[in-house]
**Student:** 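Before I ask anything, let me first share the structure, which is written out below as structure tokens.
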Number of protein chains: 2
Amino acid sequence: MSIDKVARTAGVSTATVSRVLNGNPAVKPDTRDKVLAAIKACEYQPNLLARQLRTSRSRMLLVLVSNITNPFCARVVRGIEEEAEKHGYHILLCNSESRLTRESAYLRLLSGKVVDGVITMDAISCLPGLTTLIGDSPWVQCGEGDPGYRASSVTIDNFKAAAAAVDHLATCGYKRIALINGDLRYLYSQQREAGYRAACGKNWQAVVYADSLEYQAGVQAMAELFTLPEPPDAVFAISDALAGGAMHYAHEQGLRVPEDVAVMGFDGVPFGSVTFPPLTTIEQPMHQLGVRSVQLLLERIDNPEVETVNEILDWKLVVRGSV
Amino acid sequence: MSIDKVARTAGVSTATVSRVLNGNPAVKPDTRDKVLAAIKACEYQPNLLARQLRTSRSRMLLVLVSNITNPFCARVVRGIEEEAEKHGYHILLCNSESRLTRESAYLRLLSGKVVDGVITMDAISCLPGLTTLIGDSPWVQCGEGDPGYRASSVTIDNFKAAAAAVDHLATCGYKRIALINGDLRYLYSQQREAGYRAACGKNWQAVVYADSLEYQAGVQAMAELFTLPEPPDAVFAISDALAGGAMHYAHEQGLRVPEDVAVMGFDGVPFGSVTFPPLTTIEQPMHQLGVRSVQLLLERIDNPEVETVNEILDWKLVVRGSV
DNA sequence: CTGTTAGCGCCTTCAT
DNA sequence: ATGAAGGCGCTAACAG
């Protein structure tokens with residue numbers, strides 16, 4: 001089942017078989033047919049490992065995510081996978097759960113030549129140990145861009161998007177706008193908070209930090225907000241799931257959304273359109289985020305000399321019923 | 001940066017370096033230290049590809065999922081990844097979107113020796129093209145077990161679980177119990193429907209098929225059910241998300257759950273506990289499903305002669321508020 | 001157009 | 001305890 005058995009049964013050299021395998025046009029049609037027949041006869045399956053070793057190209061991309069369950073991530077990954085497939089690449093998906101041991105284990109595949117490059121969607125940049133592990137392998141950060149690193153990035157302008165969300169709330173007449181934020185180690189969390197604060201200016205502010213980006217955490221965060229002596233009349237949550245949780249709490253308390261309290265989300269995941277009421281949110285171009293990440297990474301792989309770029313994609317304010 | 005540079009700077013042979021790398025005890029401590037120092041000095045990173053080729057073991061497992069967004073899958077995958085990590089294995093996750101081209105592309109990595117085995121969570125068994133691609137590589141089906149194939153499987157008893165769900169509904173006094181099913185190409189869909197029909201016996205029956213296992217599809221399916229001349233007073237949905245969608249529709253129509261219509265789910269994903277009301281459901285041992293799949297697969301990889309096993313795990317009826 | 005040859009980087013007998 | 005040598009399966013010059 002190795003290439004030279006095929007060569008022998010076809011009566012040619014291994015080089016010729018290899019040429020046929022790789023679609024090299026410089027092969028006489030007759031011999032090509034002979035080889036093809038031999039391949040079929042031997043039920044030959046190329047050993048990709050050997051090919052990868054020889055060409056020092058695995059055509060595999062590592063994708064590091066903290067939590068695949070997050071629908072935002074899932075959609076970005078879909079974009080990544082689709083674009084990678086177009087270029088004949090495969091995806092090695094690592095669901096790190098933000099565990100260092102796991103991340104570093106996967107990152108070792110980079111130096112080990114098992115993958116040609118890496119796309120990170122986690123806050124890698126604040127883990128010095130990991131960045132040294134990446135060394136100067138092709139790397140792009142997706143959805144989280146720290147220009148301080150030797151990596152390209154594809155993101156939206158989180159500051160402006162957050163500010164726009166607050167502006168929209170203010171335009172609708174809300175005065176006491178609170179923020180439900182997530183883990184501040186993420187640059188995007190910092191940026192969105194900065195955008196929130198800038199847009200609020202000297203007006204009323206309240207920020208609360210959720211344990212995760214998920215629904216349940218949103219319920220708790222909202223509860224916390226409503227222990228304040230003067231609770232908010234509008235809430236801007238940093239993820240749609242968080243916003244969903246916030247509405248859940250509001251309903252539990254008998255508050256109407258948006259009459260008693262407005263709720264605004266972030267991300268634009270499908271879930272937002274099935275909540276009661278449907279969620280007004282900032283939509284990120286999830287698919288495109290993934291697609292561009294792959295394109296940038298592939299450019300880098302093909303030519304390590306190309307400069308790193310920090311690409312900013314457009315977001316969109318989607319008005320539904322919750323504001 | 002290859003092994004023989006290390007060997008030269010340490011003044012030993014490549015064999016010795018290899019021994020140190022692999023923790024072979026038959027190395028004098030002194031020489032071992034020398035080698036270790038050389039490794040550090042050279043910033044040596046072993047080429048995993050070469051090692052894999054030489055040992056014909058990649059320590060990578062392919063996991064084929066139709067849709068990672070599905071929280072049931074995500075949780076199983078988490079179990080898979082955790083167990084794999086324990087044994088020094090990595091996961092190559094393929095989100096196939098049930099697209100044949102993508103599945104076959106990934107499966108080619110199996111014959112190409114890039115992965116040592118595969119865990120499928122998709123209805124692979126009804127795609128003859130794919131099963132031949134798998135050939136007789138180590139394979140276990142997870143959550144979906146077709147004993148007709150040369151693969152082990154880890155599942156629950158879908159027939160009994162579905163029947164128990166219906167029995168519970170009947171015990172609570174509901175008479176007109178409908179089923180929201182999914183894609184019948186999946187064996188579990190067939191089995192759950194069979195369980196439903198068996199438990200209903202000669203009583204009222206109505207089955208409707210949703211386009212996917214997701215929320216939105218549940219809304220539609222429920223709507224369809226309520227076009228019936230005599231709509232159901234209870235609904236058993238084949239996934240929790242579907243059940244959530246069903247409740248959504250009920251609320252829209254001003255129906256109370258469970259007073260006007262009871263709703264029961266399947267899977268036991270976290271989402272079910274945040275719905276209004278919280279979902280009564282059949283809980284699958286998601287984590288364990290993943291863990292056992294890996295264990296079975298690894299046994300198979302270590303010893304291809306072991307017999308295939310069809311393992312059945314326990315499920316649990318979780319009563320919350322929707323029934 | 002096709003064959004010969006030389007590795008890719010590593011592990012692993014077989015000697016010593 | 002260590003070294004020498006062969007080869008995993010493939011591709012890529014270089015000849016012819």
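So that the names make sense, note that chain A is the first sequence line, chain B the second, and so on, each numbered from 1.
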**Student:** Is there a side-chain contact between B:W139 and B:T131, using heavy atoms and a 4.5 Å cut-off?
**Tutor:**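 Answer yes - side chains close enough.
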
**Student:** Okay, side chain of B:S104, backbone of B:L100: is any donor-acceptor separation there less than 3.5 Å?
**Tutor:**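 Yes, the answer is positive, given that a donor and an acceptor are paired below the 3.5 Å cut-off.
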
**Student:** Closer than 3.5 angstrom, by distance alone: can the side chain of A:E144 be matched with the main-chain N or O of A:Y188 as a donor-acceptor pair?
**Tutor:**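 Flag set: sc A:E144 to bb A:Y188 pair under 3.5 Å.
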
**Student:** Reading nucleotides 9-16 of chain C from the 5' end, what letters show protein touch, with B for base, S for backbone sugar-phosphate only, - for no heavy atom under 4.0 Å?
**Tutor:** BBBB----

**Student:** Is it true that a side-chain atom of B:D122 and a backbone atom of B:I124 form a donor plus acceptor pair closer than 3.5 Å?
**Tutor:**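 It does not hold such a pair.
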
**Student:** Could you name each residue pair satisfying ring pair (Phe, Tyr, Trp, His ring centres under 6.0 Å) that touches residues 91-112 of chain A, not counting sequence neighbours?
**Tutor:**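 Of all non-adjacent pairs touching residues 91-112 of chain A, those that pass ring pair (Phe, Tyr, Trp, His ring centres under 6.0 Å) are A:Y106-B:H90.
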
**Student:** Rounded to the nearest angstrom, tell me the gap between atom CG in B:N24 and atom P in D:dA1.
**Tutor:**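 Checked: the CG to P distance equals 10 Å.
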
**Student:** Measure the distance from CD on B:Q52 to P on D:dC10 and round it to the nearest whole Å.
**Tutor:**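 After rounding, the gap between these two atoms is 16 Å.
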
**Student:** Could you check how far CG of A:L49 sits from P of D:dT11, rounded to whole Å?
**Tutor:**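 About 12 Å, once rounded to whole Å.
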
**Student:** If only side-chain N and O atoms count, and only distance matters, is there a donor-acceptor pair under 3.5 Å linking A:D4 with A:T14?
**Tutor:**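 Judged by distance alone, the side chains do not pair up.
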
**Student:** Just the rounded figure in Å: distance from C1' of C:dT2 to CZ of A:R32.
**Tutor:**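 Rounded to the whole Å, the gap is 14 Å.
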
**Student:** Could you tell me which non-hydrogen atom of A:S58 sits nearest to which non-hydrogen atom of A:V114, and how far apart they are?
**Tutor:**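 That closest heavy-atom pairing would be OG-O, 2.9 Å.
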
**Student:** Starting at atom NZ of B:K113, determine the distance to atom P of D:dC8, rounded to an integer number of angstrom.
**Tutor:**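 After rounding, the gap between these two atoms is 14 Å.
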
**Student:** What are the residues of residues 34-42 of chain A, sorted by number, that bring a heavy atom to within less than 4.0 Å of DNA chain C?
**Tutor:**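 Those residues: none at all.
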
**Student:** Would you check if the side chain of A:R300 reaches a backbone N or O of A:V306 as a donor-acceptor pair within less than 3.5 Å?
**Tutor:**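 Present.
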
